[in-house]
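Here's the structure, in structure tokens; my notes come after.
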Amino acid sequence: MRVLRLLLTSLLLWALASPAVARALTDNGSLTLSGFGTLGMVHSNQDSAEFIRDIGQAKGAGEGWSARTDSLLGAQLGVRLNDELDVVVQGISRYHDSGNFRPELSWAFLRYRPDPAVRLRVGRLGWDVYQLADSRYVGYAYPWVRPPVDHFGTLQLTHIDGADITFKQPVGRDLLQLKLYAGRSDSEIYLIDGLTADFDVDQVYGGNLDYETGPWRFRMSYTQVHSDVDFQGAVADQIEQIPFANLDANHVLGDVFGFDRITLFSLGALYDRGPLQVQTVVNRSQTTRHDGQIDSGFISLGYRVAPVTPYVVLSRVQTTSTNPDNSDIDQQTWSLGARYDLATGMALKAQFDRIHTRSPGFLWRDADSGWDGGWSSVFSLGLDFIF
Amino acid sequence: MNRVRAFILCSLLLVTIPATADIAIVVSKESGISQISRDDAVNIFMGRYRKLTNGHLALPVDLTPLKTRFYRVLVNRDVATINSYWARLVFSGEASPPQQIATPLEMRDLVMHNANTLGYMDSDEVNDDIHVVLTLHE
């Protein structure tokens, strides 16, 4: 029912709006409204577990069709104060950690450009942890139905409350860009049934170094996340109720999952010239527990034969530690699909994923007890639009 | 009769010219900019680095009816890919796309009265009020 309402609202919004990025609401263009959305349907053949897009989703797509995983709607209001200063507020409604489509504030920041080479933003910002991370819900911006789950699915945060500063420096015909940011954040992660981790991130900081040359854009990133993790749910309660042991669930589970300090390193490269689009990112996240590591990456090749862009993606995620257990993830996916730009600001996509799960960890929901992975086929349809 | 023939010839030219005519990137006469390079134009219109040669912030403007041809000749991309490119930058809060203007008349007016504005139009739409900084040949 919620999904249906969302679909209707988005259709209505799309019908009302002219199909162009940023529509001026005032004569002098100082107020603009724009938006993006996806109507997505996903079909999974996996009857032992539910497919999810990211670890914030409370429920997944079981066997059969589901519109929950990928459907979303976002809107942005821009207020231009003068040539140097503007305000951006963006909201999104998608299926997320509250277990419903309750809209949330994605960004709300003041943007200041005192000079073409410097930009400062203060407020709620996208978590620009690696390439494409802060646009991962804008389906119209990429060829796929959704960004590769193996790579983007384990990301812990969507936004930070803080500030960032970006410096740009031309180097001959190339461009060097440095972005530094710091702030705090919070999020919720579903680990298993009856157990969620509330992330209270009191410090998140990092930086990106971008180098653009011709059709290439390279990036190196480093991020630190310091958080208080509060475990909730039936499992946490049971641990605390064990007689005489006097256990604190947060300590016990903190030892198991070790999320209180995460360090992320990423390398990425994008290539876009003529019909050929290549995107590749690799990331290593280090957690405090038992030298825990999450290694993930993907490579995507697309070839545009206007108006159709067929693509192929290979993605992989693997966690390692000195103390392996059933929270470990080991999964690889081949995706094959096509994007069809059917009208201005509108694209239709179809994608087939062949997923090989060796250890599901918390990348799947509601798994049968004893399910330790296997092969899954997921077919997805998506209609992406901007207005 | 001659006049009719001339009219038909002119009409034919008008119909065929827009497909091959040059596109002029224009600024205000007061901007103090004599010319820009093609790389500068790409940086400014694609939102990579918006600095004019006089050091000021460049404010690019798109002429909607000419957009398809402009981006085809500037970066060899169709409008769908340009829109997709901007969707990423706009909705991640990184940058704003060029302002959109519907007619060459409005474009001329906007450019004339704003020293930092950079626009484009068909070369034969350019008059003495504005200055051409770069001509793109199709």
Side-chain angles (χ1 to χ4, degrees), chain A residues 19-24 29 32 34-36 74 76 78 80 83-84 86 88 90 106-107 109 111 113-117 119 121 125-126 128 132-135 137-143 166 168-170 172-173 175 177 212 272-274 277 304 306-307 309 339 341 343-345 347 384 386, chain B residues 36-44 46-62 64-65 67-68 71-72 74-102 106 109-110 113-118:
Chain A
V21 183
R23 189 166 72 123
T32 51
S34 50
F36 58 95
Q76 185 188 88
R80 191 173 154 276
D83 287 353
E84 293 169 355
D86 65 344
V88 174
Q90 186 167 309
S106 313
W107 347 127
F109 58 81
R111 186 163 54 184
R113 277 164 295 198
D115 180 278
R119 188 196 62 201
R121 300 190 304 173
L125 314 162
D128 193 12
L132 313 177
D134 57 354
S135 55
Y137 299 112
V138 190
Y140 188 79
Y142 44 75
T166 306
K168 295 182 177 192
Q169 175 64 49
R173 300 177 64 170
L175 188 70
Q177 183 179 307
E212 281 188 66
D272 194 338
R273 171 167 281 176
Q277 299 167 10
R304 185 170 167 82
T309 311
R339 168 187 173 132
D341 282 285
T344 308
D384 294 303
I386 52 167
Chain B
I36 63 167
S37 72
R38 202 189 166 86
D39 290 327
D40 292 337
V42 173
N43 281 341
I44 290 169
M46 301 300 281
R48 294 171 71 208
Y49 188 67
R50 285 180 170 160
K51 194 170 194 164
L52 291 167
T53 44
N54 63 10
H56 289 149
L57 180 72
L59 300 171
V61 183
D62 275 331
T64 2
K67 219 172 143 176
T68 308
Y71 287 99
R72 172 66 64 204
L74 187 69
V75 285
N76 192 24
R77 292 201 202 180
D78 57 27
V79 170
T81 18
I82 294 291
N83 286 344
S84 167
Y85 170 87
W86 277 111
R88 181 172 68 78
L89 294 178
V90 168
F91 297 118
S92 60
E94 284 289 314
S96 307
Q99 192 186 331
Q100 309 290 306
I101 285 286
E106 286 173 88
D109 195 52
L110 193 75
H113 297 106
N114 296 280
N116 292 355
T117 297
L118 203 70

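Within every chain, numbering begins at 1; the chains are lettered A, B, ... in the order of the sequence lines, protein sequences first and strands thereafter.
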Measure across [X] and [Y] and return the closest heavy-atom pair with its distance rounded to 0.1 Å.
{"X": "A:Gln90", "Y": "B:Val90", "value": "OE1-O, 4.4 Å"}
{"X": "A:Pro170", "Y": "B:Tyr49", "value": "CG-CE2, 3.3 Å"}
{"X": "B:Gly93", "Y": "A:Arg121", "value": "O-NH1, 2.7 Å"}
{"X": "A:Lys168", "Y": "B:Gly47", "value": "NZ-O, 3.6 Å"}

Once rounded to the nearest 0.5 Å, what's the spacing between atom [atom1] of [X] and atom [atom2] of [Y]?
{"X": "B:Arg77", "Y": "A:Arg304", "atom1": "CZ", "atom2": "CZ", "result": "10.5 Å"}
{"X": "A:Ile386", "Y": "B:Ser84", "atom1": "CD1", "atom2": "OG", "result": "8.0 Å"}
{"X": "A:Leu175", "Y": "B:Met46", "atom1": "CG", "atom2": "CE", "result": "13.0 Å"}
{"X": "A:Asp83", "Y": "B:Arg50", "atom1": "CG", "atom2": "CZ", "result": "11.5 Å"}
{"X": "A:Asp341", "Y": "B:Asn83", "atom1": "CG", "atom2": "CG", "result": "9.0 Å"}

Chain B contact via [X] - which portion, at a heavy-atom distance below 4.5 Å:
{"X": "A:Ala133", "answer": "neither"}
{"X": "A:Gln277", "answer": "side chain"}
{"X": "A:Leu132", "answer": "side chain"}
{"X": "A:Tyr137", "answer": "neither"}
{"X": "A:Val138", "answer": "side chain"}

Discussion item. Assess the residue pair A:Ser106 and B:Phe91 against the criterion (side chain to side chain contact (heavy atoms under 4.5 Å, CB included)); give the C-alpha distance rounded to whole Å, side-chain angles, the decisive distance to 0.1 Å, and a yes or no.
Written reply: CA-CA 10 Å; A:Ser106 313; B:Phe91 297 118; over 6 Å; no
Fill in: Between A:Arg80 and B:Ser96, a side-chain donor and acceptor under 3.5 Å
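No, because no side-chain N or O of A:Arg80 sits under 3.5 Å from a partner of the opposite role on B:Ser96.
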Worksheet item: Hey, are the side chains of A:Arg273 and B:Asn76 touching, using non-hydrogen atoms and a 4.5 Å cut-off?
Response: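 SC-SC contact between A:Arg273 and B:Asn76 ruled out.
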Practice prompt. Could you tell me whether the side chain of B:Glu94 reaches within less than 4.5 Å of the side chain of A:Ser135, counting heavy atoms only?
Written response: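 Answer no - side chains too far apart.
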Discussion item. Taking every non-hydrogen pair under 4.5 Å, which of A:Asp272, A:Asp384, A:Asp128 racks up the most with chain B?
Written reply: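 Counting heavy-atom pairs under 4.5 Å, the top option is A:Asp272.
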Worksheet item: Side chain, backbone, both or neither: which part of B:Leu59 has a heavy atom under 4.5 Å from chain A?
Response: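 Side chain only.
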Practice prompt. Give a yes or no on this: more than 12 heavy atoms of other residues, nucleotides or ligands lie within 6.0 Å of atom CZ of A:Arg173.
Written response: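 No.
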